[in-house]
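Note that the structure is predicted; figures quoted are calculated from it, not measured. Numbering of ligands and ligand atoms starts at 1, following listing order.
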Amino acid sequence: MPKLCVNVDHVATVRQARLGLEPDPLTAAQLAILAGARGIIVHLREDRRHIQDKDVFNLKTHLKANLHLEMAATAEMQKIALQVKPHMICLVPEKRQELTTEGGLICKGREQELREFIAPFKEKKILTSLFIDADLEQIKAAQEIGAEFIEVHTGHYADAKNEQEKEQELKKILKAIEYAQKIGLQVNLGHGLDYQNIWAFAKVPGIKEYSIGHSIISRAIYVGISKAVEQMVNIINTFVD
Ligand code: PXP
């Protein structure tokens, strides 16, 4: 079973540059699925800088694959997500000024609030995931909140300035994955993963999904989305289960 879920936000980024119809995230998503991706991810941001509400509904209606919705834990997003009914929601922190999601969601101390926030999704059998840093306290809190999944933030590893920092960040992630799996959480990975740095996870067992956007959409500009997705699927398919 392929483990790649492709984030198509930046197809919408290009479209929004001219506020037109092309390129269309749905077409890109369909091609990504044909090329072997398991699912499609979009992040409906509060400022609607890329994906628009209509994209999310359109994807849900026409895509013959799992749709994952990344969202902030706000009342507005909760209402939209419950209408869309994606396969999975992933709660992320959101700041207006950031270029992309910068850190993981703070779960510790917000257990009750986040448990209540995800309750209606659980009722509708929509899977829930929390995007968190490789921090054991946050992981424990995620388990207490009752999400089925966590997505461990790989961005700090991807952005490390030197080999030593990279090694340290990777160590933290590997420890976090092991701990999360031990306490019964299903683990996805995402943020900043590309065709080179993803190899660090080749021997890590039990990863459910990889959430990858920017590197695939960037490569797609040169080689087309089908090839870009296929190349990433081929890498991940060599990894241990
Ligand atoms: N996972 C989460 C929670 C994200 O916010 C993002 C960026 O939208 C990604 C994964 C994908 O990151 P990238 O575009 O760097 O592959």
K.L.:
Any atoms of ligand 1 less than 4.0 Å from a non-hydrogen atom of Glu151? List them with their elements.
P.N.:
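Counting from 1, the qualifying ligand atoms are 1 (N), 2 (C), 3 (C), 10 (C).
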K.L.:
Taking all atoms of both residues into account, what is the closest heavy-atom pair of Leu105 and Gln138, and its distance?
P.N.:
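Between these two residues, the closest heavy atoms are O-OE1, 3.9 Å.
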K.L.:
Mind listing the closest non-hydrogen atom pair of Asp194 and Met232 along with its distance?
P.N.:
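Nearest heavy atoms, Asp194 then Met232: C-CE, 3.7 Å.
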K.L.:
Decide whether the shortest distance between a heavy atom of Ser211 and an atom of ligand 1 is less than 4.0 Å.
P.N.:
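Right, Ser211 reaches ligand 1.
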K.L.:
For ligand 1, which atoms, with element, lie under 4.0 Å from some heavy atom of His214?
P.N.:
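With His214 as reference, the close atoms of ligand 1 come out as 13 (P), 14 (O), 16 (O).
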K.L.:
Is there a nitrogen or oxygen of His10 sitting under 3.5 Å from a nitrogen or oxygen of ligand 1?
P.N.:
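His10 vs ligand 1: no N/O contact under 3.5 Å.
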K.L.:
Hey, does His191 have a side-chain heavy atom less than 4.5 Å from the side chain of His156?
P.N.:
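SC-SC contact between His156 and His191 ruled out.
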K.L.:
Under 3.5 Å, N or O to N or O, is Glu70 touching ligand 1 that way?
P.N.:
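By distance alone, the answer is yes.
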K.L.:
If every non-hydrogen atom of Ala176 is compared with every non-hydrogen atom of Ile139, which pair is closest and at what distance?
P.N.:
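Residues Ala176 and Ile139, closest heavy atoms: CB-CD1, 3.5 Å.
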K.L.:
Can you check whether Lys60 reaches Val56 side chain to side chain, under 4.5 Å on heavy atoms?
P.N.:
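No, their side chains stay 4.5 Å or more apart.
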K.L.:
Please check whether Phe131 reaches ligand 1 - meaning an N/O of the residue sits under 3.5 Å from an N/O of the ligand, judged on distance alone.
P.N.:
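No, no N or O pair falls under 3.5 Å.
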K.L.:
Aromatic ring centroids of Phe201 and Tyr157 under 6.0 Å?
P.N.:
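Under 6.0 Å, so yes.
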K.L.:
Which atoms from ligand 1 have a heavy atom of Asn7 less than 4.0 Å away?
P.N.:
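So the atoms of ligand 1 that pass are 8 (O).
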K.L.:
With sequence neighbours left out, what residues match Val14 under side-chain contact (heavy atoms from CB on, under 4.5 Å)?
P.N.:
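Testing Val14 for side-chain contact (heavy atoms from CB on, under 4.5 Å), a comparison that skips the adjacent residues, returns Pro23.
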K.L.:
Which of the numbered atoms in ligand 1 are under 4.0 angstrom from any heavy atom belonging to Gly192?
P.N.:
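Per the distance check, 12 (O), 13 (P), 15 (O), 16 (O).
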K.L.:
May I ask you to list the atoms of ligand 1 that are less than 4.0 angstrom from any heavy atom of Gly213?
P.N.:
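Listed by number with element, the hits are 13 (P), 14 (O), 16 (O).
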K.L.:
Going hydrophobic residue to hydrophobic residue with side-chain gaps under 4.5 angstrom, can you get from Val233 over to Val8?
P.N.:
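Yes, it is one cluster - the side chains of Val233 and Val8 are joined through contacts under 4.5 Å.
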K.L.:
List ligand 1 atoms under 4.0 Å from Asp9, heavy atoms only on the residue side.
P.N.:
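Here the atoms of ligand 1 in question are 8 (O).
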K.L.:
For ligand 1, which atoms sit closer than 4.0 Å to a heavy atom of Ile212?
P.N.:
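So the answer, numbered in order with elements, is 16 (O).
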K.L.:
State the atoms of ligand 1, each with its element, that fall below the 4.0 Å cut-off from a heavy-atom position in Val92.
P.N.:
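Counting atoms of ligand 1 from 1, those under 4.0 Å from Val92 are 3 (C).
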